[in-house]
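Numbers here simply count residues along the sequence, with the first being 1. Fair warning: this is a prediction, and the values are worked out from it, not measured in the lab.
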Amino acid sequence: MKTLLLSIITILLICLTVSGQNTAGFPDPTFNNTGKLVYDKDMFDLYQDVKVQTDGKIVAVGSSMNASYASSIVVSRILENGNFDPDFGVEGHVTYAMDVETMAYKCVIRDNGKILIGGHSTNYAQWGMLVIQLNEDGTFDTSFGNLGTTYLNTGPGENILSALTLQEDGKILIAGYAQNQEYKNVPVVLRLTESGDLDNSFGTDGMASIPVTETDNEFSALGIQTDGKILAAGHISNGFNWFSLLITRFNIDGSIDTTYGSQGLVNMTLNNVDDEFFDLALTPNDDAILTGFSVTPSDYYFHMLLMKFDASGQPVPSFGDAGKVIWGTNPYAFGDDLFLQTDGKIIISGCSGELAPGNNDWALWRYNSDGTSDETFGTNGSTTTDFFENADEALGVALFSDKIIVAGKTRNAENRLDFAVVRYTNDLAYNVTVPETGTRNDLVISPNPAHPGQQIKLSFESISDQNLKLYLTTPASTTFSLKYDSERTSGTTNLYATLPEYLPIGIYCIQLKNDAGLNLIRKIIVL
């Protein structure tokens, strides 16, 4: 057994070394022969978000509009070779329409492999936020909501869902805006139960919001801190056509956390024109990394924006230029989605080029954790991808093993929008660079190596006030909670958890935390 284990580890390390020598930031020709996948379904097609299953299959969600301007949600699953998965939906796609306009913006893959999709649907007389849950094969999960869907009409006008995430307990957080009686867009966060019902214990009747004075306001991104508090970011209007950066922190019950920023809010303008956040991610110490754009008043150019705020809601002065990075001399550049690598580097997807309807390209940037450009990535820290010398936008980004997967849209030669996915090379394969942390050395994981679907045991000296939380981090840098059973015997605590059945071979991290500051990270090999 020892010889076999050493051989396995040697093979893994060789794979890591070879992968680490890859040049990062270029289309991967092993994906659909070119690194690119373009799918022309109807008149206007676009993917808005992308996630990767633990088996490497890609899930992309978006919308398709026909010549009659009726739109439907499209969920596609793509194999690692770039082909659509014939075992998912119909020839790799699930299509759904509730009303004349039904669109999807975000998705999440649950620990059990089920797929959550968030968007909206309207007949133009009534608008509602829409959450859908699919089984792994693309069929609707009839145990969720109303036969797989939850429709939420929270006000007299538009209700738009722009962000979606999961709490540790499986409850669902969604965010966007809901129009009030004055038809002003109010940034809102709603919480659903794991089964898709509105959680009335959150905020007021399941919804939390902030006060507004002007018309155009929205939450576009969500994050959950290690203490369970909720960050929501987007933009807020402080005057006619004047949009400012917005971050709000809510307590677990949906009340505004007045200790954050100024009475719970960050309301910040950079140029007194238009500044907006589109996505956020949280570091292990709850610093917030956000991307979007900032418009300069001298030329009204859009510039990609990257910022970092500490856990109190203040810009981190050591990051970039006093907490911010503003990139680009082209007329049109923005960051739409971001992902934090396990080494702390920041990957941003977006767009760079001319203003529409001119030619702009997919853009991908990578920054070091201090906000400096990572010159080892692409060409001088960024890479662009063109399809038909037309308007293209990269709208979602995910990581898996040593690849970066991006989804979005491209405008073809016939002036139709097409679905598009590109897989790029990366130089970070498995998260073996994540250090094992914690001063306690009594934590034992067995068996290690383990197999997918196998029960593992974590043994350690018992401590008081445990409230323990157990996490698994995948090679794709995705972290999710593990449910466990526990027992205490003779001063020792044993936790029993079962690994997901669909885990591929790789090196993973097990993290053990509690409210008293315990934070242990140990590696586990899955074979």
Side-chain angles (χ1 to χ4, degrees), residues 27 31-50 58 60-76 78 82-84 90-97 99-106 119-124 160 162 274 276 278 293 295 299-304 328-337 349-364 382-397 405-424:
F31 180 79
N32 200 36
N33 297 319
T34 62
K36 303 177 185 179
L37 172 65
V38 176
Y39 171 43
D40 184 359
K41 180 181 183 296
D42 223 314
M43 187 172 67
F44 297 123
D45 306 319
L46 72 159
Y47 289 132
Q48 296 273 14
D49 197 14
V50 65
I58 300 165
V61 304
S63 309
S64 180
M65 180 180 289
N66 62 26
S68 300
Y69 297 96
S71 63
S72 56
I73 288 174
V74 175
V75 184
S76 304
I78 304 160
N83 295 329
F84 289 111
V90 178
E91 298 180 348
H93 311 284
V94 173
T95 302
Y96 174 77
D99 284 313
V100 65
E101 179 179 298
T102 308
M103 305 184 75
Y105 300 102
K106 294 293 180 182
H120 78 267
S121 187
T122 178
N123 58 10
Y124 302 122
I160 302 294
S162 302
D274 190 355
E276 301 185 31
F278 287 154
F293 69 83
V295 175
D299 51 20
Y300 286 89
Y301 281 9
F302 288 69
H303 302 278
M304 190 277 289
T329 57
N330 296 325
Y332 190 54
F334 67 86
D336 190 80
D337 202 7
S349 62
C351 170
S352 175
E354 301 172 358
L355 288 168
N359 182 18
N360 50 63
D361 299 331
W362 285 33
L364 205 59
S382 65
T383 188
T384 58
T385 301
D386 185 35
F387 294 86
F388 302 103
E389 298 183 355
N390 218 324
D392 309 313
E393 294 181 0
L395 300 175
V397 62
I405 297 92
V406 181
K409 64 181 181 181
T410 178
R411 188 176 293 276
N412 64 30
E414 288 75 39
N415 206 34
R416 295 153 55 101
L417 292 182
D418 291 341
F419 294 113
V421 175
V422 179
R423 191 169 73 188
Y424 297 87

Tell me the closest heavy-atom pair linking [X] and [Y], and the distance in Å.
{"X": "Ala67", "Y": "Asp42", "answer": "N-OD1, 4.1 Å"}
{"X": "Val50", "Y": "Val397", "answer": "CG1-N, 3.7 Å"}
{"X": "Val75", "Y": "Val61", "answer": "CG1-CG1, 3.9 Å"}
{"X": "Val421", "Y": "Ala407", "answer": "CG2-CB, 4.2 Å"}
{"X": "Gly92", "Y": "Phe84", "answer": "CA-CB, 4.2 Å"}

- prompt: Are Lys41 and Phe419 in a cation-pi setup, meaning NZ or CZ lies under 6.0 angstrom from the ring centre and within 45 degrees of the ring axis?
  reply: no
So [Y] and [X], do their side chains get closer than 4.5 Å, heavy atoms only?
{"X": "Asp337", "Y": "Asp49", "answer": "yes"}
{"X": "Val38", "Y": "Phe387", "answer": "yes"}
{"X": "Phe334", "Y": "Met304", "answer": "no"}
{"X": "Tyr39", "Y": "His93", "answer": "yes"}
{"X": "Val295", "Y": "Tyr301", "answer": "no"}

field: Stepwise side-chain contact (heavy atoms from CB on, under 4.5 Å) test for Arg416 and Asp40
entry: CA-CA 8 Å; Arg416 295 153 55 101; Asp40 184 359; 2.9 Å; yes
Taking [X] for the side chain and [Y] for the main chain, is one N or O donor matched with an acceptor at less than 3.5 Å?
{"X": "His303", "Y": "Gly328", "value": "yes"}
{"X": "Asn412", "Y": "Glu414", "value": "yes"}
{"X": "Arg423", "Y": "Val406", "value": "no"}
{"X": "Trp362", "Y": "Leu395", "value": "no"}
{"X": "Asp99", "Y": "Glu101", "value": "no"}

message: If the condition is side chain to side chain donor-acceptor pair (under 3.5 Å), which residues does Thr383 pass it with, not counting sequence neighbours?
response: none
Could you measure the distance from the [atom1] atom of [X] to the [atom2] atom of [Y]? Nearest 0.5 Å is fine.
{"X": "Phe388", "Y": "Asn415", "atom1": "CZ", "atom2": "CG", "answer": "12.0 Å"}
{"X": "Arg411", "Y": "Leu46", "atom1": "CZ", "atom2": "CG", "answer": "10.5 Å"}
{"X": "Ile405", "Y": "Ile58", "atom1": "CD1", "atom2": "CD1", "answer": "5.0 Å"}

message: Between Phe278 and Phe293 (judged by ring centroids, cut-off 6.0 Å), do the two rings come close enough to count as a pair?
response: yes
- request: Report yes if the distance between the aromatic ring centroids of Tyr424 and Phe31 is under 6.0 Å, otherwise no.
  value: no
query: Restricting to pairs with a member in residues 60-75, which pass side-chain hydrogen bond (donor to acceptor under 3.5 Å, both in side chains), not counting sequence neighbours?
result: Asp45-Ser64
message: Under the criterion side-chain contact (heavy atoms from CB on, under 4.5 Å), I'd like the reasoning laid out for Thr385 against Lys36: C-alpha separation, chi angles, the key distance, then a yes or no.
response: CA-CA 9 Å; Thr385 301; Lys36 303 177 185 179; 3.6 Å; yes
Show me the donor-acceptor pairs within less than 3.5 Å that the side chains of residues 351-360 make with the rest of the protein, sequence neighbours left out.
from, atom 1, to, atom 2, distance (Å)
Ser352, OG, Asn330, ND2, 2.8
Glu354, OE1, Asn359, N, 2.9
Asn359, OD1, Asn390, N, 3.3
Asn360, OD1, Asp392, N, 2.9
Asn360, ND2, Glu354, O, 3.0

Verdict with supporting geometry, Tyr105 and His120, side-chain contact (heavy atoms from CB on, under 4.5 Å): CA-CA 9 Å; Tyr105 300 102; His120 78 267; 3.0 Å; yes
